[in-house]
Amino acid sequence: MNSSCDENISDRRFLDAALRLARKHQGLTGTNPSVACVIVADLDIGQVIVGSAVTARGGRPHAEPPALEEAGELARGATAYVTLEPCAHHGKTPPCAQTLIDAGVKRVVTAIMDPDNRVNGRGHAMLLEAGVEVTEMDGGEAANRVIQGYLKARSGILPFVTLKLAMDPNGIIGCSKTGNLKISCKESMQQTHLARARHDAILVGRGTAMADDPMLTCRLPGMHHRSPVRVVLDSKCQLTDAYLLVSTAPDVPTWIFGSPTPPESWEAMVAKYRIQHIPAEIDDGHVALPEMFEDLAARGIQSVMVEGGAKLADSLLKDDLVDEIIVHVGGKPELPVEKDEAVRATFTPENPPEGFEIVQTLKFGHDVSLRMRKRVE
Ligand code: AOF
Ligand code: ZN
(Lines give C-alpha, C1' and ligand atoms only; values in the text may rest on other atoms or scores of the structure.)
(Ligands and ions follow the chains in the order given, each with its own letter.)
Protein backbone atom coordinates (compact mmCIF):
# COMPACT_ATOMS: atom_id res chain seq x y z
CA MET A 1 0.00 0.00 0.00
CA ASN A 2 1.34 3.41 -0.86
CA SER A 3 1.43 6.07 1.79
CA SER A 4 0.82 9.77 1.47
CA CYS A 5 4.53 10.51 0.96
CA ASP A 6 4.32 9.53 -2.72
CA GLU A 7 1.40 11.88 -3.11
CA ASN A 8 1.14 13.48 -6.51
CA ILE A 9 -0.62 16.66 -7.53
CA SER A 10 -3.35 15.08 -9.62
CA ASP A 11 -4.21 12.59 -6.84
CA ARG A 12 -4.68 15.51 -4.45
CA ARG A 13 -6.75 17.38 -7.00
CA PHE A 14 -9.14 14.50 -7.73
CA LEU A 15 -9.43 13.55 -4.06
CA ASP A 16 -10.27 17.17 -3.22
CA ALA A 17 -12.91 17.11 -5.95
CA ALA A 18 -14.38 13.97 -4.37
CA LEU A 19 -14.33 15.61 -0.92
CA ARG A 20 -16.24 18.60 -2.28
CA LEU A 21 -18.78 16.27 -3.86
CA ALA A 22 -19.21 14.37 -0.56
CA ARG A 23 -20.38 17.58 1.13
CA LYS A 24 -23.38 17.66 -1.17
CA HIS A 25 -25.28 15.06 0.83
CA GLN A 26 -23.95 15.92 4.29
CA GLY A 27 -26.96 15.74 6.62
CA LEU A 28 -29.02 13.67 4.16
CA THR A 29 -27.60 10.16 4.49
CA GLY A 30 -28.94 9.16 7.93
CA THR A 31 -26.56 6.94 9.88
CA ASN A 32 -24.52 6.30 6.72
CA PRO A 33 -21.64 8.70 6.02
CA SER A 34 -21.89 10.92 2.94
CA VAL A 35 -19.13 9.48 0.74
CA ALA A 36 -18.15 10.46 -2.80
CA CYS A 37 -16.46 8.42 -5.51
CA VAL A 38 -14.79 9.92 -8.59
CA ILE A 39 -13.54 7.59 -11.37
CA VAL A 40 -10.66 8.96 -13.43
CA ALA A 41 -9.53 7.32 -16.67
CA ASP A 42 -6.30 7.93 -18.57
CA LEU A 43 -7.53 8.77 -22.06
CA ASP A 44 -5.68 10.08 -25.13
CA ILE A 45 -6.62 13.61 -24.15
CA GLY A 46 -5.33 13.13 -20.59
CA GLN A 47 -6.95 12.29 -17.25
CA VAL A 48 -10.73 12.53 -17.46
CA ILE A 49 -13.45 12.10 -14.83
CA VAL A 50 -15.64 9.41 -16.39
CA GLY A 51 -17.95 8.75 -13.46
CA SER A 52 -18.83 10.29 -10.12
CA ALA A 53 -21.46 9.83 -7.42
CA VAL A 54 -22.22 10.55 -3.81
CA THR A 55 -23.96 8.30 -1.27
CA ALA A 56 -27.67 8.61 -2.03
CA ARG A 57 -30.19 10.33 0.23
CA GLY A 58 -31.08 8.02 3.08
CA GLY A 59 -27.66 6.31 2.77
CA ARG A 60 -28.08 3.84 -0.09
CA PRO A 61 -26.90 3.09 -2.68
CA HIS A 62 -23.35 3.79 -1.60
CA ALA A 63 -21.25 6.07 -3.81
CA GLU A 64 -19.15 3.53 -5.70
CA PRO A 65 -21.76 1.50 -7.68
CA PRO A 66 -23.44 4.50 -9.41
CA ALA A 67 -20.04 6.11 -10.13
CA LEU A 68 -18.83 2.86 -11.73
CA GLU A 69 -22.07 2.50 -13.64
CA GLU A 70 -21.62 5.97 -15.10
CA ALA A 71 -18.03 5.14 -16.10
CA GLY A 72 -19.10 1.88 -17.76
CA GLU A 73 -16.25 0.15 -19.64
CA LEU A 74 -14.02 3.19 -19.01
CA ALA A 75 -13.71 2.04 -15.36
CA ARG A 76 -11.42 -0.77 -16.52
CA GLY A 77 -7.86 0.31 -15.71
CA ALA A 78 -9.07 3.58 -14.15
CA THR A 79 -8.37 5.11 -10.74
CA ALA A 80 -11.19 5.48 -8.20
CA TYR A 81 -10.97 8.34 -5.70
CA VAL A 82 -13.16 7.50 -2.71
CA THR A 83 -13.49 9.77 0.33
CA LEU A 84 -13.86 6.76 2.69
CA GLU A 85 -12.34 3.30 2.61
CA PRO A 86 -14.75 1.23 0.44
CA CYS A 87 -16.97 -1.07 2.45
CA ALA A 88 -16.21 -4.78 2.76
CA HIS A 89 -19.48 -6.08 4.17
CA HIS A 90 -22.57 -7.57 2.62
CA GLY A 91 -25.35 -5.16 3.60
CA LYS A 92 -28.36 -4.46 1.45
CA THR A 93 -25.85 -4.36 -1.44
CA PRO A 94 -22.59 -6.28 -2.12
CA PRO A 95 -19.33 -4.83 -0.71
CA CYS A 96 -18.18 -1.75 -2.65
CA ALA A 97 -14.59 -3.07 -2.58
CA GLN A 98 -15.83 -6.09 -4.59
CA THR A 99 -17.77 -3.85 -7.00
CA LEU A 100 -14.58 -1.86 -7.66
CA ILE A 101 -12.64 -5.11 -8.25
CA ASP A 102 -15.32 -6.48 -10.60
CA ALA A 103 -15.31 -3.26 -12.61
CA GLY A 104 -11.57 -3.72 -13.26
CA VAL A 105 -10.43 -0.57 -11.46
CA LYS A 106 -6.62 -0.52 -11.36
CA ARG A 107 -6.04 1.76 -8.39
CA VAL A 108 -8.09 3.13 -5.47
CA VAL A 109 -7.16 6.33 -3.62
CA THR A 110 -8.90 6.95 -0.28
CA ALA A 111 -9.02 9.86 2.18
CA ILE A 112 -9.90 8.19 5.48
CA MET A 113 -10.29 4.71 6.98
CA ASP A 114 -13.79 3.48 7.83
CA PRO A 115 -14.08 2.85 11.60
CA ASP A 116 -17.18 0.66 11.13
CA ASN A 117 -16.08 -2.66 12.60
CA ARG A 118 -17.46 -4.50 9.56
CA VAL A 119 -14.94 -2.59 7.44
CA ASN A 120 -11.98 -1.11 9.39
CA GLY A 121 -9.15 -2.11 7.03
CA ARG A 122 -11.00 -5.00 5.39
CA GLY A 123 -12.00 -2.85 2.40
CA HIS A 124 -8.40 -2.02 1.61
CA ALA A 125 -7.31 -5.62 2.27
CA MET A 126 -9.89 -6.98 -0.20
CA LEU A 127 -8.67 -4.60 -2.90
CA LEU A 128 -5.01 -5.43 -2.32
CA GLU A 129 -5.71 -9.15 -2.36
CA ALA A 130 -7.33 -8.78 -5.76
CA GLY A 131 -4.26 -6.94 -7.08
CA VAL A 132 -5.77 -3.44 -6.97
CA GLU A 133 -3.26 -0.79 -5.97
CA VAL A 134 -4.36 1.18 -2.88
CA THR A 135 -3.13 4.66 -2.00
CA GLU A 136 -4.15 5.90 1.44
CA MET A 137 -3.97 9.67 1.45
CA ASP A 138 -4.44 11.96 4.40
CA GLY A 139 -7.78 13.62 3.75
CA GLY A 140 -7.14 15.92 6.71
CA GLU A 141 -9.78 18.25 8.13
CA ALA A 142 -11.82 18.25 4.92
CA ALA A 143 -12.31 14.47 5.05
CA ASN A 144 -13.04 14.49 8.77
CA ARG A 145 -15.44 17.36 8.72
CA VAL A 146 -17.81 15.98 6.14
CA ILE A 147 -18.37 12.82 8.20
CA GLN A 148 -17.66 14.14 11.71
CA GLY A 149 -21.09 13.04 12.97
CA TYR A 150 -20.54 9.52 11.62
CA LEU A 151 -17.03 9.32 13.13
CA LYS A 152 -18.26 10.51 16.55
CA ALA A 153 -21.28 8.18 16.57
CA ARG A 154 -19.10 5.21 15.57
CA SER A 155 -16.72 5.88 18.46
CA GLY A 156 -19.37 6.08 21.19
CA ILE A 157 -23.01 6.76 21.91
CA LEU A 158 -23.23 10.51 21.41
CA PRO A 159 -23.75 12.68 18.32
CA PHE A 160 -21.28 15.36 17.19
CA VAL A 161 -22.43 18.62 18.78
CA THR A 162 -21.78 22.00 17.18
CA LEU A 163 -22.64 25.04 19.26
CA LYS A 164 -23.46 28.02 17.07
CA LEU A 165 -23.56 31.51 18.52
CA ALA A 166 -23.79 35.01 17.11
CA MET A 167 -22.14 37.61 19.32
CA ASP A 168 -20.64 41.05 19.21
CA PRO A 169 -16.89 41.48 19.80
CA ASN A 170 -17.55 41.73 23.57
CA GLY A 171 -19.46 38.47 23.80
CA ILE A 172 -22.94 40.00 23.92
CA ILE A 173 -25.49 37.61 22.42
CA GLY A 174 -28.84 39.18 23.30
CA CYS A 175 -30.86 41.67 25.27
CA SER A 176 -32.77 40.69 28.42
CA LYS A 177 -35.56 43.12 27.58
CA THR A 178 -36.15 42.61 23.87
CA GLY A 179 -34.74 39.07 23.53
CA ASN A 180 -33.41 38.70 20.01
CA LEU A 181 -30.86 41.25 18.78
CA LYS A 182 -29.92 41.68 15.17
CA ILE A 183 -26.25 40.80 15.38
CA SER A 184 -25.41 39.00 12.13
CA CYS A 185 -25.25 40.30 8.59
CA LYS A 186 -27.12 38.72 5.68
CA GLU A 187 -24.14 36.62 4.57
CA SER A 188 -23.70 35.16 8.08
CA MET A 189 -27.38 34.26 8.19
CA GLN A 190 -27.06 32.47 4.86
CA GLN A 191 -24.09 30.49 6.20
CA THR A 192 -26.20 29.51 9.21
CA HIS A 193 -28.93 28.23 6.90
CA LEU A 194 -26.31 26.24 4.97
CA ALA A 195 -24.94 24.81 8.23
CA ARG A 196 -28.49 23.79 9.23
CA ALA A 197 -28.81 21.81 6.01
CA ARG A 198 -25.58 19.95 6.78
CA HIS A 199 -26.69 18.75 10.22
CA ASP A 200 -29.11 15.99 11.16
CA ALA A 201 -30.84 18.12 13.80
CA ILE A 202 -31.08 21.67 15.15
CA LEU A 203 -31.53 22.05 18.91
CA VAL A 204 -32.86 24.92 21.05
CA GLY A 205 -34.20 25.36 24.56
CA ARG A 206 -37.78 26.45 25.26
CA GLY A 207 -36.59 29.90 26.36
CA THR A 208 -35.17 30.64 22.90
CA ALA A 209 -38.19 29.06 21.19
CA MET A 210 -40.47 31.48 23.02
CA ALA A 211 -38.30 34.61 23.17
CA ASP A 212 -37.12 34.54 19.54
CA ASP A 213 -39.93 32.50 17.95
CA PRO A 214 -37.51 31.07 15.34
CA MET A 215 -38.29 28.69 12.45
CA LEU A 216 -34.86 27.02 12.44
CA THR A 217 -35.31 25.93 8.84
CA CYS A 218 -33.00 26.15 5.85
CA ARG A 219 -34.47 28.90 3.71
CA LEU A 220 -31.81 29.18 0.99
CA PRO A 221 -33.27 29.29 -2.51
CA GLY A 222 -33.82 25.74 -3.74
CA MET A 223 -32.81 24.19 -0.41
CA HIS A 224 -36.06 24.38 1.54
CA HIS A 225 -36.34 20.60 1.52
CA ARG A 226 -33.00 20.36 3.37
CA SER A 227 -34.31 21.55 6.75
CA PRO A 228 -33.27 19.00 9.37
CA VAL A 229 -35.23 17.78 12.38
CA ARG A 230 -35.92 20.56 14.89
CA VAL A 231 -35.49 19.55 18.51
CA VAL A 232 -36.80 21.62 21.41
CA LEU A 233 -36.05 21.02 25.09
CA ASP A 234 -39.23 21.85 26.98
CA SER A 235 -39.05 20.09 30.35
CA LYS A 236 -42.42 21.38 31.53
CA CYS A 237 -44.19 21.01 28.17
CA GLN A 238 -45.15 24.66 27.90
CA LEU A 239 -44.69 25.36 24.20
CA THR A 240 -47.96 26.23 22.46
CA ASP A 241 -49.10 26.68 18.89
CA ALA A 242 -48.70 30.43 19.25
CA TYR A 243 -45.04 29.73 18.34
CA LEU A 244 -43.70 28.98 14.88
CA LEU A 245 -41.81 25.86 15.93
CA VAL A 246 -45.19 24.29 16.74
CA SER A 247 -47.40 25.84 14.08
CA THR A 248 -44.99 24.95 11.23
CA ALA A 249 -44.38 21.41 12.53
CA PRO A 250 -46.71 19.72 10.00
CA ASP A 251 -44.17 20.78 7.33
CA VAL A 252 -40.87 20.33 9.19
CA PRO A 253 -40.15 17.36 11.48
CA THR A 254 -40.16 18.61 15.08
CA TRP A 255 -39.39 16.73 18.27
CA ILE A 256 -39.94 17.99 21.81
CA PHE A 257 -38.09 16.50 24.76
CA GLY A 258 -40.38 17.13 27.72
CA SER A 259 -41.83 15.75 30.91
CA PRO A 260 -42.97 12.12 30.59
CA THR A 261 -46.29 13.19 32.15
CA PRO A 262 -47.56 16.28 30.31
CA PRO A 263 -51.18 17.45 30.56
CA GLU A 264 -53.44 15.49 28.22
CA SER A 265 -54.47 18.67 26.43
CA TRP A 266 -50.82 19.46 25.62
CA GLU A 267 -50.24 15.98 24.27
CA ALA A 268 -53.31 16.30 22.04
CA MET A 269 -52.12 19.71 20.84
CA VAL A 270 -48.65 18.51 19.79
CA ALA A 271 -50.11 15.38 18.19
CA LYS A 272 -52.34 17.61 16.08
CA TYR A 273 -49.21 19.33 14.69
CA ARG A 274 -47.51 15.94 14.14
CA ILE A 275 -44.84 16.78 16.73
CA GLN A 276 -43.06 13.87 18.34
CA HIS A 277 -43.10 14.20 22.12
CA ILE A 278 -40.09 12.36 23.52
CA PRO A 279 -40.43 11.64 27.25
CA ALA A 280 -37.23 13.03 28.77
CA GLU A 281 -35.30 12.29 31.90
CA ILE A 282 -35.65 15.41 34.04
CA ASP A 283 -32.75 16.44 36.23
CA ASP A 284 -33.24 19.31 38.65
CA GLY A 285 -36.12 20.72 36.60
CA HIS A 286 -34.26 20.51 33.28
CA VAL A 287 -34.00 17.93 30.51
CA ALA A 288 -30.97 15.77 31.34
CA LEU A 289 -28.57 16.64 28.51
CA PRO A 290 -26.31 13.56 28.16
CA GLU A 291 -29.33 11.24 28.17
CA MET A 292 -31.12 13.47 25.66
CA PHE A 293 -28.14 13.28 23.27
CA GLU A 294 -27.91 9.50 23.74
CA ASP A 295 -31.58 9.32 22.85
CA LEU A 296 -31.00 11.43 19.73
CA ALA A 297 -28.08 9.21 18.66
CA ALA A 298 -30.24 6.13 19.17
CA ARG A 299 -32.77 7.71 16.81
CA GLY A 300 -30.12 8.04 14.10
CA ILE A 301 -29.13 11.67 14.74
CA GLN A 302 -25.34 11.87 14.36
CA SER A 303 -24.80 15.63 14.15
CA VAL A 304 -26.60 18.37 16.06
CA MET A 305 -26.29 22.13 15.76
CA VAL A 306 -27.31 23.98 18.92
CA GLU A 307 -28.71 27.45 18.25
CA GLY A 308 -29.59 28.78 21.68
CA GLY A 309 -29.79 30.07 24.21
CA ALA A 310 -27.10 31.30 26.53
CA LYS A 311 -28.01 29.02 29.46
CA LEU A 312 -28.19 25.92 27.29
CA ALA A 313 -24.80 26.78 25.75
CA ASP A 314 -23.31 27.17 29.20
CA SER A 315 -24.76 23.88 30.46
CA LEU A 316 -23.49 22.01 27.41
CA LEU A 317 -20.00 23.41 27.86
CA LYS A 318 -20.04 22.57 31.58
CA ASP A 319 -21.15 19.01 30.82
CA ASP A 320 -18.38 18.70 28.21
CA LEU A 321 -20.90 17.87 25.49
CA VAL A 322 -19.68 20.32 22.83
CA ASP A 323 -17.33 19.17 20.05
CA GLU A 324 -17.12 22.37 18.06
CA ILE A 325 -18.19 26.01 18.42
CA ILE A 326 -19.02 28.28 15.50
CA VAL A 327 -19.06 31.95 16.48
CA HIS A 328 -20.33 34.59 14.09
CA VAL A 329 -18.92 37.85 15.32
CA GLY A 330 -21.01 40.77 14.13
CA GLY A 331 -22.92 43.75 15.39
CA LYS A 332 -20.10 46.17 14.66
CA PRO A 333 -19.43 48.77 15.78
CA GLU A 334 -21.84 48.47 18.75
CA LEU A 335 -25.08 46.76 19.56
CA PRO A 336 -28.06 48.89 20.59
CA VAL A 337 -28.27 47.41 24.07
CA GLU A 338 -28.08 49.03 27.51
CA LYS A 339 -25.24 47.68 29.62
CA ASP A 340 -27.50 46.18 32.29
CA GLU A 341 -29.72 44.53 29.67
CA ALA A 342 -26.92 42.76 27.82
CA VAL A 343 -27.02 38.96 27.78
CA ARG A 344 -23.50 37.62 27.51
CA ALA A 345 -21.99 34.30 26.54
CA THR A 346 -19.57 32.86 29.07
CA PHE A 347 -16.75 33.55 26.61
CA THR A 348 -15.77 36.13 24.01
CA PRO A 349 -14.43 35.75 20.47
CA GLU A 350 -10.93 36.40 21.75
CA ASN A 351 -11.15 34.08 24.73
CA PRO A 352 -12.62 30.70 23.74
CA PRO A 353 -14.00 28.51 26.51
CA GLU A 354 -11.53 26.43 28.52
CA GLY A 355 -10.03 23.67 26.38
CA PHE A 356 -11.08 25.20 23.03
CA GLU A 357 -8.94 26.95 20.43
CA ILE A 358 -9.69 28.85 17.22
CA VAL A 359 -8.89 26.62 14.23
CA GLN A 360 -10.43 28.62 11.39
CA THR A 361 -11.31 32.26 10.73
CA LEU A 362 -13.55 33.20 7.81
CA LYS A 363 -15.14 36.44 6.70
CA PHE A 364 -18.84 36.52 5.80
CA GLY A 365 -19.92 39.99 4.70
CA HIS A 366 -19.16 42.34 7.61
CA ASP A 367 -18.89 39.48 10.08
CA VAL A 368 -16.07 37.20 11.10
CA SER A 369 -16.80 33.51 11.62
CA LEU A 370 -14.63 31.59 14.07
CA ARG A 371 -14.48 27.81 14.29
CA MET A 372 -13.35 26.65 17.71
CA ARG A 373 -12.31 23.07 18.41
CA LYS A 374 -11.33 21.18 21.52
CA ARG A 375 -7.59 21.47 21.90
CA VAL A 376 -5.90 18.14 21.27
CA GLU A 377 -3.57 17.51 24.21
C1 AOF B 1 -18.93 2.85 1.06
N2 AOF B 1 -19.48 3.83 0.28
O3 AOF B 1 -20.92 5.49 -0.05
C4 AOF B 1 -20.85 4.55 2.09
C5 AOF B 1 -20.25 3.56 2.92
O6 AOF B 1 -26.12 -0.41 6.06
P7 AOF B 1 -25.19 -0.37 4.89
O8 AOF B 1 -25.05 -1.71 4.21
O9 AOF B 1 -25.50 0.74 3.93
O10 AOF B 1 -23.74 -0.07 5.48
C11 AOF B 1 -23.47 1.09 6.19
C12 AOF B 1 -21.95 1.20 6.30
O13 AOF B 1 -21.39 1.33 5.00
C14 AOF B 1 -21.47 2.44 7.04
O15 AOF B 1 -21.43 2.24 8.44
C16 AOF B 1 -20.08 2.58 6.45
O17 AOF B 1 -19.22 1.60 7.00
C18 AOF B 1 -20.29 2.21 5.00
N19 AOF B 1 -20.64 3.40 4.21
N20 AOF B 1 -19.28 2.77 2.37
O21 AOF B 1 -18.10 2.08 0.57
C22 AOF B 1 -20.42 4.65 0.73
N23 AOF B 1 -21.81 5.38 2.56
ZN1 ZN C 1 -20.23 0.35 0.17
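The shown structure was predicted, so the numbers you read here are calculated from the model rather than taken from an experiment. In each ligand, atom 1 is the first atom listed, and ligand 1 is the first ligand listed.
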Would you mind checking which non-hydrogen protein atom is closest to [atom], with the distance to 0.1 Å?
atom: atom 7 (P) of ligand 1; value: Arg60 NE, 3.4 Å
atom: atom 17 (O) of ligand 1; value: Asp114 OD2, 2.4 Å
atom: atom 15 (O) of ligand 1; value: Asp116 OD2, 2.7 Å
atom: atom 13 (O) of ligand 1; value: His62 CE1, 3.2 Å
atom: atom 10 (O) of ligand 1; value: His89 NE2, 3.0 Å
atom: atom 2 (N) of ligand 1; value: Glu64 OE1, 2.9 Å

If the threshold is 4.0 Å, N to carboxylate O, is there a salt bridge linking [X] and [Y]?
X: Asp295; Y: Arg299; value: yes
X: Glu324; Y: Arg371; value: yes
X: Asp11; Y: Arg107; value: yes

Requested in this report: Output yes if His89 passes the N/O/S-under-2.8 Å test against the Zn ion (ligand 2); output no otherwise.
Outcome: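 Short answer: no, not a single N, O or S atom is under the cut-off.
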
Is it the case that [X] and [Y] place a side-chain donor and acceptor less than 3.5 Å from each other?
X: Ser34; Y: Gln26; answer: no
X: Gln238; Y: Asp234; answer: no
X: Tyr150; Y: Asp114; answer: yes
X: His124; Y: Thr110; answer: yes

Requested in this report: Give the contacting part of Cys87 toward ligand 1: side chain, backbone, both or neither, where contact means a heavy-atom distance below 4.0 Å.
Outcome: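 The part of Cys87 near ligand 1 is both the backbone and the side chain.
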
**Report entry** Within reach of ligand 1, part of Ala97 (heavy-atom separation under 4.0 Å)
**Finding:**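 None of Ala97 does.
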
Query raised in the report: Quick check: does any side chain N or O of Arg226 sit under 3.5 Å from a backbone N or O of Leu28, one acting as donor and the other as acceptor?
Result: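 No, the answer is negative, given that no donor and acceptor are paired below the 3.5 Å cut-off.
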
Query raised in the report: Between the main-chain N or O of Val35 and the side-chain N or O of Thr55, is there a donor-acceptor pair closer than 3.5 Å?
Result: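 It does hold such a pair.
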
Just which atoms of ligand 1 are under 4.0 Å from any heavy atom in [X]?
X: Arg154; result: 15 (O)
X: Cys96; result: 21 (O)
X: Tyr150; result: 14 (C), 15 (O), 16 (C), 17 (O)
X: Gly91; result: 8 (O)

Requested in this report: Ignoring angles and geometry beyond distance, decide whether Pro86 reaches within less than 3.5 Å of ligand 1 through its nitrogen or oxygen atoms.
Outcome: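 For ligand 1, there is no N or O atom that lies under 3.5 Å from one belonging to Pro86.
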
Query raised in the report: Between Val119 and ligand 1, is there a nitrogen or oxygen pair with a distance under 3.5 Å?
Result: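 In this structure, Val119 places no N or O atom under 3.5 Å from an N or O of ligand 1.
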
**Report entry** Trace of the side chain to side chain contact (heavy atoms under 4.5 Å, CB included) decision for Phe356 with Leu317
**Finding:** CA-CA 10 Å; Phe356 282 82; Leu317 286 167; 3.9 Å; yes

Report task. For the atoms SG of Cys96 and SG of Cys87, give the angle they form at the Zn ion (ligand 2), rounded to 10 degrees. Result ->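 Once rounded, the angle between the two atoms at the Zn ion (ligand 2) is 120°.
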
Query raised in the report: About how many Å separate NE2 of His199 and SG of Cys218, when rounded to the nearest 0.5 Å?
Result: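 The NE2 atom of His199 is 12.5 Å from SG of Cys218, to the nearest 0.5 Å.
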
Requested in this report: Tell me whether Ile256 is reachable from Leu312 by hopping between hydrophobic residues (I, L, V, M, F, W, Y) whose side-chain heavy atoms are closer than 4.5 Å.
Outcome: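 No.
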
Query raised in the report: Does some non-hydrogen atom of Arg118 fall short of 4.0 Å from ligand 1?
Result: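 So Arg118 counts as touching ligand 1.
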
Query - Option whose closest heavy atom lies nearest to atom 23 (N) of ligand 1, chosen from Asn32, Thr83, Thr29 - result: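 Shortest heavy-atom distance from atom 23 (N) of ligand 1: Asn32.
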
Query raised in the report: Any idea which N/O/S atom from His62 gets closest to the Zn ion (ligand 2)?
Result: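 Output for this pair reads ND1.
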
